Enquirer: 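What follows is a structure written as structure tokens; I'll ask about it next.
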Amino acid sequence: MSFWSEISRHIEAATGHPFSVETTQGIGGGCINSAWRVRGDGVGYFVKTNAAEKLEMFEAEAEGLMAIAATNTVQVPNPICWGVAAGQAYLVLEELALGGRGGGEALGRQLAAMHRHTAERFGWHRDNTIGSTQQPNGWDDDWIRFWQEKRLGFQLELAARNGASRALLSGGETLTTRLPELFADYRPEPSLLHGDLWGGNFAARRDGEPVIFDPATYYGDREADLAMTELFGGFSSAFYRAYEAAWPLDAGCSRRKTLYNLYHIINHFNLFGGGYLAQAEGMVRRLLQSI
């Protein structure tokens, strides 16, 4: 049975409605997975594919989307089914009519509401991925320790294997031990996070309603989500005003956002190399100078 025939069968089983893939359209722009828009029987779906051994990545993504959807705050694409077909891992998502403008103000309000959904501890019930890098999420009562071990420390270990400079590794180690100084008067709650909230993972429906996707979900400091929105741009001033109006941020967030974005920049070095190393070195220096 061909790949698309198997996908058709799995969609039928998941939805309870007849479905047969009639057209497929490859979608460019992704560097981790292949993506397709498929249609048949008057219905469309969005399909991600990767090597069969990447199935756990899709399973975790589906669970993250369902966790966000369960908050009834910001819309995400509904995961339909996932598994392995013809030797490839796949994830089928509902197709949303994207391409609208705006959505920033609504997203600010909705994201603040999503962040009010909290857990007793930091982490998540399973590991997932940030890009294609493993993201360990084991539960921890202590946010600083969680960040030392499962975020900054984990990425620094990978960076050492990937040939990072001594400046990054030694500076990163010093920063790891001094993290408590960045949290002297601040105790974050374990909020439900998107986890990878850059501009490419946010869009608006044609009616202007915001949609977020491609999560790396866990429970952590809400500032981590807000920090990443600034890393590569794409979010309007209306977004930040609406978020602050709904749930004001702590005054120290401007320093900690560099720490939270350092995690992503080191991850980009581990994935892509290049100029991300110098950027990470600079962020470490600035953080150490600020504490």
Side-chain angles (χ1 to χ4, degrees), residues 74 104-116 118 122 130 135 142-156 167-168 171-202 210 212 215-216 218-269 275-291:
V74 57
E105 182 177 354
L107 179 62
R109 293 193 304 270
Q110 294 170 5
L111 187 68
M114 187 186 97
H115 286 163
R116 290 192 182 277
T118 60
F122 300 99
I130 184 73
Q135 180 168 264
D142 188 317
W143 175 244
I144 295 173
R145 183 173 60 211
F146 180 89
W147 202 263
Q148 288 171 323
E149 297 176 358
K150 298 182 177 68
R151 291 295 180 266
L152 184 56
F154 182 78
Q155 287 290 343
L156 287 170
L168 175 62
E173 183 178 355
T174 301
L175 176 62
T176 300
T177 62
R178 297 187 64 182
L179 281 191
E181 297 174 56
L182 289 171
F183 295 86
D185 301 311
Y186 177 62
R187 296 292 180 270
E189 296 181 68
S191 293
L192 181 66
L193 305 184
H194 177 281
D196 194 10
L197 194 56
W198 69 289
N201 288 340
F202 154 61
I212 56 177
Y218 66 101
Y219 286 90
D221 182 3
R222 64 194 178 103
E223 288 182 4
D225 262 357
L226 272 294
M228 195 178 188
T229 64
E230 298 186 33
L231 188 56
F232 301 116
F235 292 81
S236 66
S237 58
F239 164 78
Y240 297 104
R241 287 196 303 268
Y243 188 99
E244 284 274 0
W247 191 2
L249 292 165
D250 181 82
C253 68
S254 59
R255 280 201 309 167
R256 287 184 294 269
K257 72 181 179 183
T258 303
L259 169 67
Y260 292 141
N261 285 339
L262 175 62
Y263 170 67
H264 296 291
I265 293 301
I266 299 177
N267 183 51
H268 275 63
F269 165 74
Y276 292 111
L277 177 59
Q279 187 175 358
E281 291 171 346
M283 295 170 81
V284 169
R285 283 196 301 271
R286 291 195 300 274
L287 283 163
L288 289 175
Q289 290 167 359
S290 74
I291 57 180

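Only a predicted model underlies this, so the values are computations on that prediction, with no experimental measurement involved.
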Enquirer: For the residue pair F232 and H268, is the inter-centroid distance of their aromatic rings smaller than 6.0 Å?
Expert: yes
Enquirer: Report yes if some heavy atom in the side chain of L226 is under 4.5 Å from a heavy atom in the side chain of F239; otherwise report no.
Expert: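 Yes, side chains in contact.
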Enquirer: Got a sec, which residues hit ring-ring contact (aromatic ring centres under 6.0 Å, His included) with F269, two or more places apart in sequence or on another chain?
Expert: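 Listed in chain order: nothing, the list is empty.
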Enquirer: Quick one: side-chain hydrogen bond (donor to acceptor under 3.5 Å, both in side chains) pairs with a partner in residues 279-291, sequence neighbours left out?
Expert: S165-E281
Enquirer: Between Y186 and R255, is there a side-chain donor-acceptor contact under 3.5 Å, judged purely by atom types and distance?
Expert: no
Enquirer: Pick from K150, R151, Q155: which one makes a side-chain contact (heavy atoms from CB on, under 4.5 Å) with Q135?
Expert: R151
Enquirer: Which atoms form the tightest heavy-atom contact between N201 and H194, and what is the distance?
Expert: ND2-CE1, 4.0 Å
Enquirer: Is there a side-chain contact between L277 and I266 in this structure, where contact means two heavy atoms from C-beta onward sitting under 4.5 Å apart?
Expert: no
Enquirer: Have a look at P190 and tell me which of Y219, W143, F146 forms a side-chain contact (heavy atoms from CB on, under 4.5 Å) with it.
Expert: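 The option that passes is Y219.
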Enquirer: Please round to the nearest 0.5 Å and tell me the distance separating atom CG of L197 and atom CE of M114.
Expert: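 Result: 7.5 Å between the selected atoms.
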Enquirer: For the side chain of Q148 and the backbone of T176, is there at least one donor-acceptor N/O pair under 3.5 Å apart?
Expert: yes
Enquirer: Are any non-hydrogen side-chain atoms of F154 and Y263 less than 4.5 angstrom apart?
Expert: no
Enquirer: Using distance alone, with no hydrogens and no angle criterion, decide if Y260 and D221 have a side-chain donor and acceptor under 3.5 Å apart.
Expert: yes
Enquirer: Given side chains that start at C-beta, do those of E189 and R222 come closer than 4.5 Å, heavy atoms only?
Expert: no
Enquirer: Counting only N and O atoms by type, is there a donor-acceptor contact under 3.5 Å from the side chain of R109 to the main-chain atoms of A246?
Expert: no
Enquirer: If you draw a 6.0 Å radius around CH2 in W247, do more than 12 non-hydrogen atoms from other residues or ligands fall strictly inside?
Expert: yes
Enquirer: So L111 and Y243, do their side chains get closer than 4.5 Å, heavy atoms only?
Expert: yes
Enquirer: Answer yes or no for R256 and F183: cation-pi contact, defined as NZ/CZ to six-membered ring centre under 6.0 Å and angle to ring axis within 45°.
Expert: yes
Enquirer: Hey, does D196 have a side-chain heavy atom less than 4.5 Å from the side chain of W198?
Expert: yes
Enquirer: If a pair satisfies side-chain hydrogen bond (donor to acceptor under 3.5 Å, both in side chains) and one of its residues is in residues 224-235, list it, with sequence neighbours excluded.
Expert: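 Sorted pair list: H115-D225, T229-Y240, E230-K257.
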Enquirer: What closest approach, in Å, do G195 and Y218 show between heavy atoms, and which atom pair accounts for it?
Expert: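 Smallest heavy-atom distance, with atoms named: CA-CE2, 4.2 Å.
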Enquirer: Verify the distance criterion only: is there a donor paired with an acceptor across the side chains of S237 and R241 at less than 3.5 Å?
Expert: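 Looking only at side-chain atoms, R241 and S237 do form a donor-acceptor pair, the distance falling under 3.5 Å.
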Enquirer: Does some side-chain heavy atom of F122 sit less than 4.5 Å from a side-chain heavy atom of D142?
Expert: no
Enquirer: Quick check: do P210 and Q110 have side-chain heavy atoms less than 4.5 Å from each other?
Expert: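 Heavy-atom side-chain distance check passes, below 4.5 Å.
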Enquirer: Apply side chain to side chain contact (heavy atoms under 4.5 Å, CB included) to residues E173 and L156 and explain how you reach the verdict.
Expert: CA-CA 8 Å; E173 183 178 355; L156 287 170; 5.6 Å; no
